[in-house]
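Everything numeric in this text was worked out from a predicted model, so none of it was measured.
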Amino acid sequence: MTYRGLILDFVGVLTADVTDVIGEWCVREGLPPQAWHEALTLDPEGRERYLALEAGRLTQAEWNRHTAVQLGLADADNLMGRVWADVRRADDMIALAVAARAAGMKVAMLSNSFGLDPYDPYAHAGVWDLFDVAVISEREGVAKPDPAIYQLTLDRMRLTGADCVFVDDQPVNLPPAAALGITTVHADGDPGYVGRLAVLLGLSPAPGTPRAV
């Protein structure tokens, strides 16, 4: 199979794993290491607020203010940026994206946003220039796993599902892509998965770029 397009998630694909980094930030703030995760995913109001942020119904600045109160923090200024300041790029995946584009493939980012202002996580990671197409949920008003955002990505790439491979670290985001005929790859944290992806694409990662850990 010859693929013509590569679609990449951001967190956990183009970044190294964020769990420890965010846990360490929580501890520095005097919070339990799991406080951030619980606030965004387990608390019902926090979860709804985060979904609103993803879909652009809430600005990042507004979200910062609400979430600082939820966590019991006095300072809401650039909360998202402070939490993410030490998150690192996944250099091997970035090298593979560069190689794919150099080989003539269209490369897209399909990301559920967590705001762009005042903190732009994509600029912080230096990944904007990697892509022919960037589909960010905040800008579109729809987020993964809604099938509409996958079709939108294909339309902007001007490719069919069968032409493309999609990589995401969240299993729930893979079936809607597969339903459109896209080959899916789970970024499961296995250090060898980027190499296997390169083989699938018929590419080799750039030398000297081990996976960020």
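The shortest side-chain heavy-atom distance between Trp84 and His124 does not fall under the 4.5 Å cut-off. With a 4.5 Å cut-off on side-chain heavy atoms, Ser137 and Ile149 count as touching. Within the 4.5 Å cutoff, the side chain of Phe10 has no heavy atoms near those of the Ser113 side chain. Under the 4.5 Å side-chain criterion, counting only non-hydrogen atoms from C-beta, Leu130 is in contact with Val98. Contact of the Phe131 side chain with the Met157 side chain is not registered, since no non-hydrogen atoms from C-beta on lie closer than 4.5 Å. Side chains of Arg49 and Gln70 form a contact here, defined as non-hydrogen atoms less than 4.5 Å apart. Here the side chains of Asn64 and Pro118 are in contact, with some heavy-atom distance below 4.5 Å. Side-chain contact between Leu159 and Tyr3 is absent, with no heavy atoms from C-beta onward closer than 4.5 Å.
Minimum heavy-atom separation, Asp9 to Ser111: OD1-CA, 4.2 Å. Residues Glu138 and Gly115 approach most closely at OE1-CA, 3.4 Å, considering heavy atoms. Here the shortest heavy-atom pairing between Leu203 and Ala103 reads CD2-CB, 3.6 Å. Here the closest heavy-atom approach between residue Asp129 and residue Arg101 is recorded as O-NH1, 2.8 Å. Of all heavy-atom pairs between Ala177 and Thr184, the closest is CB-CG2, 3.8 Å. Contact between Pro176 and Tyr150 at its shortest, heavy atoms only, is CB-CE1, 3.5 Å.
Criterion: ILVMFWY side-chain heavy atoms under 4.5 Å apart, direct or through other members. Under it, Val142 and Met109 are not part of a common hydrophobic cluster. Following chains of ILVMFWY side-chain contacts shorter than 4.5 Å, one cannot reach Tyr122 starting from Val135, and the two form parts of different hydrophobic clusters. No continuous path of hydrophobic side-chain contacts links Leu51 to Leu116 [ILVMFWY only; heavy atoms under 4.5 Å]. Hydrophobic cluster membership is shared by Val18 and Leu40, with clusters built from Ile, Leu, Val, Met, Phe, Trp and Tyr side chains linked at under 4.5 angstrom. Trp128 and Met80 fall within the same hydrophobic cluster, defined by Ile, Leu, Val, Met, Phe, Trp and Tyr side-chain heavy atoms under 4.5 Å apart, directly or through other members.
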Enumerate, atom names and distances included, each donor-acceptor pair closer than 3.5 Å involving a side-chain atom of residues 165-174, sequence neighbours excluded.
| unit_1 | atom_1 | unit_2 | atom_2 | d |
| --- | --- | --- | --- | --- |
| Asp168 | OD1 | Gln170 | N | 2.8 |
| Asp168 | OD1 | Asn173 | ND2 | 3.3 |
| Asp168 | OD2 | Lys144 | NZ | 2.7 |
| Asp168 | OD2 | Asn173 | ND2 | 3.4 |

Let me check something: any side-chain donor-acceptor pairs from residues 23-34 under 3.5 Å, sequence neighbours excluded? List them with distances.
none

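One finds the OG1 atom of Thr183 at 10.0 Å from the CD1 atom of Ile7 (value rounded to the nearest 0.5 Å). Of the inter-residue distances, the one linking Asp120 atom CG with Phe114 atom CZ reads 9.0 Å to the nearest 0.5 angstrom. Note: His37 NE2 to Leu42 CG = 4.5 Å, rounded to the nearest 0.5 Å. Between atom CG of residue Leu58 and atom OG1 of residue Thr67 there is a gap of 8.0 Å, rounded to the nearest 0.5 Å. Rounded to the nearest 0.5 Å, atoms CG (Leu154) and CD1 (Ile182) are 4.0 Å apart. Here CG of Asp91 is found 10.5 Å from CG of Leu14. Values are rounded to the nearest 0.5 Å.
Counting only distance, with no hydrogens or angles, the side chain of Arg82 and the backbone of Asp77 share a donor-acceptor pair below 3.5 Å. Remark: the backbone N or O of Leu53 is not paired with any side-chain donor or acceptor of Gln60 at under 3.5 angstrom.
Atom CZ of Arg158 has 12 or fewer heavy atoms from other residues, nucleotides or ligands within 6.0 Å.
Using a 4.0 Å cut-off between charged side-chain N and carboxylate O, Asp163 and Lys106 make no salt bridge.
Evaluated for a side chain to side chain contact (heavy atoms under 4.5 Å, CB included) with Ile94, the options Val13, Leu8, Val127 yield exactly one hit, Val127.
Under the 30°/60° scheme for interplanar angles, the aromatic rings of Trp63 and Tyr50 are found to stand perpendicular.
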